[in-house]
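Just so it is clear, the model here is predicted, and its values are computed rather than measured. Letters A, B, ... mirror the listed sequences (proteins, then strands); counts begin at 1.
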Number of protein chains: 2
Amino acid sequence: MDERVSFVDCADGEARQWDHRAGCEVRAVLDRVGDRWSLLALAYLAERTHRFNELWRKIDGVSRRVMTVTLRQLERDGLVRRTVHPTVPPRVDYELTPLGASLHRTVQVLSSWSDRHEAELAAARATYDASVGAA
Amino acid sequence: MDERVSFVDCADGEARQWDHRAGCEVRAVLDRVGDRWSLLALAYLAERTHRFNELWRKIDGVSRRVMTVTLRQLERDGLVRRTVHPTVPPRVDYELTPLGASLHRTVQVLSSWSDRHEAELAAARATYDASVGAA
DNA sequence: CCGCATCCGATAGGATACTG
DNA sequence: CAGTATCCTATCGGATGCGG
């Protein structure tokens with residue numbers, strides 16, 4: 001039997017910056033959407049197309065610079081389509097690609113897990129912290 | 001109809017450092033296992049119980065300090081159980097809790113998505129980079 | 001309106017040396 | 001063996017101001 005669990009071992013067709021099979025598959029996703037804002041942007045765009053400022057205001061808390069960077073990364077990965085309307089003033093629409101929608105749906109599974117188990121996590125933390133404080 | 005997608009809107013029973021409904025549920029998970037090593041540790045522990053150095057050597061690339069911190073966090077969240085054997089030399093076993101195993105299984109869904117779509121992601125990036133280089 | 005450039009602080013995480 | 005302590009760097013992301 002294999003000594004490694006599935007997503008640990010991987011084909012690593014293309015070398016990553018962190019070599020030696022570092023949980024390649026999941027990491028590939030997490031390295032993209034594991035940051036603070038990507039998933040949130042994905043979520044809003046899953047509803048409907050948004051303009052830049054529109055999205056920026058909804059996510060309020062992110063700086064414009066980071067909003068831009070985030071969207072660019074998502075665009076680069078083919079998760080989001082960016083459409084520039086050459087009007088005055090300029091108008092840029094962001095919408096999910098089918099790939100992005102697919103990822104969004106997949107992430108909901110994690111979201112759902114979190115939802116179902118957040119009480120357990122909180123309880124575990126409380127127990128742990130108590131035992132540490134007692135010690 | 002609701003203007004927000006499910007995991008964007010949340011009860012936020014407990015305030016987070018980043019207020020205003022920041023994709024709470026997914027973030028709750030990602031804030032724990034979204035780092036560089038947690039998922040990898042989870043993966044190895046899903047195979048079987050490991051001793052500290054055993055795990056540390058497998059994940060090779062992580063420093064001992066960070067390995068410790070990572071495992072402590074997982075323990076605090078109730079995902080990993082830490083057992084100290086009062087022997088000489090000391091021996092500490094780490095194993096997944098049922099909750100940890102559950103999370104691991106859930107994360108595999110993401111892993112699987114990444115597996116199925118990594119080609120598309122790579123293609124999208126290639127296209128994007130080419131169009132940027134051409135411009 | 002959109003987004004880039006610059007600056008700057010916070011933090012994750014690596015290297016190394018030391019301890020029970 | 002299983003950590004802890006200290007130091008240090010790299011990266012992320014916020015603030016602000018300019019430019020098309």
Measure from [atom1] on [X] to [atom2] on [N] and round the result to the nearest Å.
X     : N      : atom1 : atom2 : value
B/R57 : D/dA2  : CZ    : C1'   : 11 Å
B/W56 : D/dT4  : CH2   : C1'   : 14 Å
B/R65 : C/dG13 : CZ    : P     : 9 Å
A/I59 : C/dC2  : CD1   : P     : 14 Å
A/D31 : C/dA12 : CG    : P     : 16 Å
B/L55 : D/dC1  : CG    : C1'   : 14 Å

Side-chain-base donor-acceptor pair under 3.5 Å for A/R64 and C/dG3
yes
With sugar-phosphate meaning primed atoms plus P, OP1 and OP2, does B/R51 contact a base, only sugar-phosphate, or nothing at under 4.0 Å between heavy atoms?
sugar-phosphate
Heavy-atom check, side chain of [X] versus side chain of [Y], under 4.5 Å:
X      : Y      : result
A/W56  : A/R51  : no
B/Y128 : B/R125 : no
A/W37  : A/M67  : no

So, taking the atom named CZ in B/R32 and the one named CG in B/L103, what distance separates them when rounded to the nearest 0.5 Å?
12.0 Å
Counting side-chain heavy atoms from CB outward, which of C/dA15, C/dC2, D/dA2 is closest to A/F52?
C/dC2
Nearest of D/dG14, D/dC1, C/dG13 to any side-chain atom of B/D35?
C/dG13
Using a 4.5 Å side-chain heavy-atom cut-off and chaining through intermediate ILVMFWY residues, the residues clustered with A/V109 come out as B/V109
What residues from residues 67-96 of chain A pass a heavy-atom cutoff of under 4.0 Å to DNA chain C?
A/T68, A/R72, A/R82, A/P89, A/P90, A/V92, A/Y94
Partner of B/Y94 under side chain to side chain donor-acceptor pair (under 3.5 Å), chosen from B/H50, B/E75, B/R82:
B/R82
